[in-house]
Structure formats: structure tokens, C-alpha cells
Amino acid sequence: MTPTTPSSDDPSRDPAAGARGLRSDYCGDLRVGDEGRQVQVCGWVARRREHGEHLAFIDLRDHTGLVQCVVDGAHELRNEWVVRVTGTVRRRPDGTLNEDLPTGEIEVGDCTVEVLSSSEPVPFPIDERVEVDETVRLRHRYLDLRASRMQRNLRLRAAVNGALRAAMDRQGFVEIETPLLIASTPEGARDFVVPSRLSPGEFYALPQSPQLFKQLCMVGSVDRYYQVARCLRDEDLRADRQFEFSQLDLEASFVSQSDILDMVGVAIRAAVASARGEEPGPIAHMTWRDAMDRFGSDKPDTRFELELVDVTGVFAQTEFNAFRAPSVKAIRVPGGADTTRSRLDDLTDRAKRWGAKGLVWMRVEPDEINSPVAKFLSATELADLRAATGATAGDLLLIVADEWRTTCHVLGLLRLELGRPAVTEGGLQFLWVVDFPLFEALGEDGSPVPAHHPFTMPHPDDLHLLDSAQSADLLSVRSQAYDLVLNGWELGSGSVRIHDPVVQRRIFALLGIGADEAQDRFGFLLDAFRFGAPPHAGFAFGIDRLVALLAGEENIREVIAFPKTQSGGDPLTGAPGPLDPGQLGELGLRLLPPAN
RNA sequence: GGUCCCGUGGUGCAGUUUGGAGUGCACGCCGGCCUGUCAAGCCGGAGGUCGCGGGUUCAAAUCCCGUCGGGACCGCCA
């Protein structure tokens, strides 16, 4: 599946869009239908092919593509010079058509060339076929952006943004901008902070998300809010994570979870349609518990099988100590029995690094199971194991026994290691993961840690468990929180919010947050809720991730014009950099010597 | 905080396992030739702190230690 972007073939585009300023047309727009027209095209010299003193071909490039210009000598021109070419569109002579080029049936002949700007030789080829080191690309990002890959990705992103905004507008949402300089709240991710000049020694934080403001909008009777919101989190970067990212953030009043899922679905379908030309089908639902049990992840990649099979019951009475655990699960790898010993050792090492005590492997052979631990297991156990997993000769079984969460987590990572398809394969598998737990674990002080955030409404069927004295019961409380997953990437999450101060106080108490502390940290929100808060719910999803997957990119840096490296630097601008002493003084700051 | 991979003319690579002269390939660049090419072709040329520092050795791109930069991942990311 090839992503498409608006092009000269897009009927909605103004056909005269190129006929402005110095040019009459864009390079990539010219076709046989333009035969005989005198045109002016502007762009960069992509390549020149000289044939002696009086014949040369110039491939002229702008963001729409290439067109071949035939000139009387081009010895003075060089690659990446900026020129304006005036000439006549004509059919190419028989036998000289280029089928690889959309403009390959025509050329611009009888050309006069105006040099608008010259160029030094560029530090790397602007050519799809050469994979250039990413640091070099980022150091000269303005050159990298000339490549069709980046042009395609940026324009795809713009199209998706436009489709999202239109879809939200259609559904009655109003776009509202929220502040970038806000108060730091010690929840969640590490804040980026900004020192205050007018209040030396005090700091603003940059928003991790507009969470509290959009809820205030609901109290303010906005009814339906959305924003393409920049969010900032000072956490380690990854292929799917930058310091700065964009979310489609939304919140609505007097709606339920299913309403939010529907409204987000409308936006998602519009985005996919803008990128792919066709809408995806309905988005499947899965409970968090199922996701963890079957895929070992709260963001399951459902493009491939290798599901986890629970075999705890098989070993309920086992003599093998390693399998006497709360949870024993297996992955069956069809045809995996020929996996080499060194690869199995490698997988075992990984499993241990990921937190497992070990990894048991079994090669399934016609009459026996070949495994270092087979001798510790009874014939019944081995037979039941084969039956439970459906294993047949030639398969490989990988088994982890541990606490339920660890077993799921480790096998989930192993599953990805063994079978995850490339980003361009397997289509677009959207998935709603619902019924997240309200609390994800017990903290060091014994109080539960919120899985989403402290304003998440518990599942109505589980409200009674909040009054239980048993910590274990608390961990089984479900919430009205939900995630949207695409091909194993968490696109976004949301929840129904607590609008009742009584329930909110109860949750804060369970979290170990006293009334004074709650007032100190979220006082303005709690105050607002004293004055008539409508029931409300919301969601936010990452636009960088959505666009990357729609573009077939493994890394969100490919859909960001000016991204940071994994260590948080920008090779183009040199950021981050030191502050001069004057600026520091004005802010009331003094630097400590580097630790150690 | 941790694990792993990468770093060789401007670019992309080979060479590193098994130490032996900066050896090689492709692109680009500079000069010349060339009237239908399209990653044009042909001839000639320039271009190197093998990321950096230290160590082992008669000898290090190659082995060892450290460090810097980049990348993937675990932790982290309510």
C-alpha cells in the first residue's frame, strides 16, 4: 500500500495554483495536454546531462516533481542551483519517453535559463536511493527537506491535520488554544520548566498536555473542545517519542465513553481517508485484561499471531519448581523447532533482562519434546501442554512462569522480537483497548498508583470495591479509561472524568493525597468543580505517530520537519546551548558546578 | 540508570574475525571530450586526523581500555 498525498492529480486543488509570481506552472504538473504552451518553471537543478557544446538536459525539481528541460549548453549550471526556465512544452521524440517520470512524455524545449541563486556542492545527495546518515541529514535539514520523501511526509501530515480539523468542526467541536506557560504539577512525566524573570526563583512549566484546561473548558460550557496541541515531556527519546509532540486533544460534555470512541473514530477515519483515499472499517475493541493475557501488552500489535497461551493449569500440581508460579504462559512458534541454540540463548538473555527469572524452550519433535527441562515434567504435563498450545512437530514453545504481570510482559516483548512485521506490512490494525484498571500497582507507601490520572472515573460496576479494605481488591477496580492502538503503537488515551467532588475526594484519599495537598496541587480544578461541573470525557492521540504509520515510516522523526536526536539535541541549530551570565542573572539563576 | 549496534576522502560501502605501506569499489567534486540523454557515456585529476585519547606491539583502521557522536531497546514516558 503506497501512501498518497495531494498532487497535481487531486481534483480539489486549484489548477492555477502554480501560475503565480515568477512561474506559470509547477514542474511536476506538466503533461501532454500542455503541449505547445510557453511556460515558466522555477526550481532546483536536480541533474544535468551534457552532450557537447550545444545540447544538454536539465532535470528541474520543485516540490511537485521533476521536468526535463532541453537547453543549448549548460556548462555553467551546477546541481542545486536555483533557476527559472522559460520554454515551450513539447512531446518528446519517439523512443525517448521516460516511463518512470510522471512528466516523462513531455519536455520543456527552446529554453532560456535565468540563474536566481547558485549553490555550493551539497554535503549529501538529494536522492531517494541513497540512505544518508541521519545526523548529516539533520545538520542540513533544509536540504533533506528537498527530497521527495520529506516533501511527501510533511504534506501528508498537513493533509491529516486538515482532515482532523474538518472532522472535529463537523462534529461541533470548537478549537481553543490553551497556555504554554503553566504551573508545574508534580504528576506524570518530568516537566520542562521556564524560569520567570518577573518572579525570580519561580518557574513556569511547559504543558505535558492541556488536560486540566480542557476540563475547565467543560466547566465553562464550551461543550466540545479540541486542539492540535503541542505537548512537552522531558523523558528519554525513542523512535516513537520526542520531547515535543502534537496531539489531537479533545473533550466533550454530557457524553459517555462510547460517544467519545465514536467521535474519535470519525476523526481517525477522516485522517486515514485523507492519506489512503479510503476509510478503514470499524475499530475493534478489546479489554485491557484480554490484551495483556493474549498479547502481553496494553498496546497489542494484532497484525500477527504468536498469541500467548495460558498453561498455568497444566502445571498446577507440577514437581518442577520453576513452573510453580502464579502464572505460566507459552508462545507457540510454528515451525520454530529449527531455531539455533545460540538464538535460544539470546532470547533467554533478553527474557532475563526484561525481568523474567528464565525462559524455558521446548522443541516439539514427532515423538518427544526436546528441552533442557523435559526430564522434570511428567508425561501427562507434556501431553497437556501440547494439547493446550496446539503444538505439533516442528514447533517451538517458549514458556515463562512468574507473577502474572511479569509473565505477560516478558512474553509480550518476546512475541514482538519474534514476529513483528515491518511498518509497511500488515495494513492498519486499529484497536480500542478498554476497561483499563484504575490503579496499576501499589506504591512504596502502600497506596495505589493511578494507571491513567487521578481524575479518571472508576467503572460503575466496580465502584463498590473502592470501599474494600483489601489492597488487592483495589487493583482489580476497572476504570472508564481507554487507549487507541495502531499496529502496536499507543496512539492515544482518554477517560471519562470524575465530575463529582465526593468521588474525587474518595479517590484522592485512596491515592494518599490529603485535602490540603489536593487543594495545593489541583485546587483551581477542584474549585471549578464546586461551581457546577458537567459530566465529561475526553481523549488525545499523537499526530506524529499516526502520520508516521500512515506514511510507512518506522520513526516519527521522518514526519517532523526539525526533530531532535535521541540525546535531545538539534544538530542543525546546536540546541541545547549555554546561557550567557547576563541572562542567568536576570532570571535570578546561578549554575552549580557539574556533578562529579 | 542499563543492554546492544554503528563511526574509514563530501556521500554510501568493503577492509577489522586472523595486526603488516591509507589498499579498493560506487556516487559526488574539478578539468577535457561528447547533439537525445534521463542514476547519460568516455578520458584525466584532486580529495583521508580510519570519530577522539590512551595502551599493547617491531608494526594498529584492525587487539585492549576510556571517551565523544549517532541509532535500537529496557527502565522512564500519570
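All values below were derived from every heavy atom in this structure, side-chain atoms included, with hydrogens, water molecules and symmetry-related copies excluded. The model shown is predicted, which means the values in this text are computed figures rather than measured ones. Per chain, numbering begins at 1; letters A, B, ... match sequence-line order.
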B:C77 OP1/OP2 closer than 4.0 Å to side-chain N/O of A:Gln208: no
Verify the contact: side-chain N or O of A:Arg238 to OP1 or OP2 of B:G75, cut-off strictly under 4.0 Å; return yes or no.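 It does not, given that no N or O in the side chain of A:Arg238 lies less than 4.0 Å from OP1 or OP2 of B:G75.
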Would the A:Phe295 and A:Trp288 ring centres measure less than 6.0 Å apart?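 They do not qualify: ring centres at least 6.0 Å apart.
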Could you tell me whether the side chain of [X] has a donor or acceptor atom within less than 3.5 Å of a complementary atom in the base of [N]?
X: A:Gln68; N: B:U37; value: yes
X: A:Arg137; N: B:G70; value: no
X: A:Arg49; N: B:C34; value: no
X: A:Arg241; N: B:C76; value: yes

At a heavy-atom distance below 4.0 Å, what parts of [range] sit against RNA chain B?
range: residues 403-416 of chain A; result: A:His409, A:Leu413
range: residues 475-490 of chain A; result: none
range: residues 229-237 of chain A; result: A:Arg233, A:Glu235, A:Asp236

Taking only the C1' atom of each, what is the distance from B:G20 to B:A39 in whole angstrom?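 It comes out at 39 Å once rounded to the nearest Å.
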What's the gap between B:C50 and B:G24 when it is taken at their C1' atoms, as a whole Å value? 14 Å
Each nucleotide in nucleotides 6-15 of chain B should get exactly one letter: B, S or -. Can you fill that in based on protein heavy atoms under 4.0 Å? ----SSS---
Answer yes or no for this row: A:His51 ring on B:A40 base, centroids under 5.5 Å, planes under 30°.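 A:His51 vs B:A40: stacking yes.
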Contacts of A:Cys42 meeting side chain to side chain contact (heavy atoms under 4.5 Å, CB included) (sequence neighbours excluded), chain-then-number -> A:Leu22, A:Arg23, A:Arg84
Could you tell me which residues satisfy side chain to side chain contact (heavy atoms under 4.5 Å, CB included) with A:Thr340, sequence neighbours excluded, listed by chain and number?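 If we apply the side chain to side chain contact (heavy atoms under 4.5 Å, CB included) test to A:Thr340, skipping adjacent residues, the hits are A:Ser342, A:Arg343.
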Stacked cation flag A:Arg289 on A:Trp404, 6.0 angstrom / 45 deg: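 The answer is yes, since A:Arg289 meets both limits relative to A:Trp404.
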Indicate, with a heavy-atom threshold strictly under 4.0 Å, whether A:Thr456 touches base, sugar-phosphate, or nothing.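 It contacts nothing in the nucleic acid.
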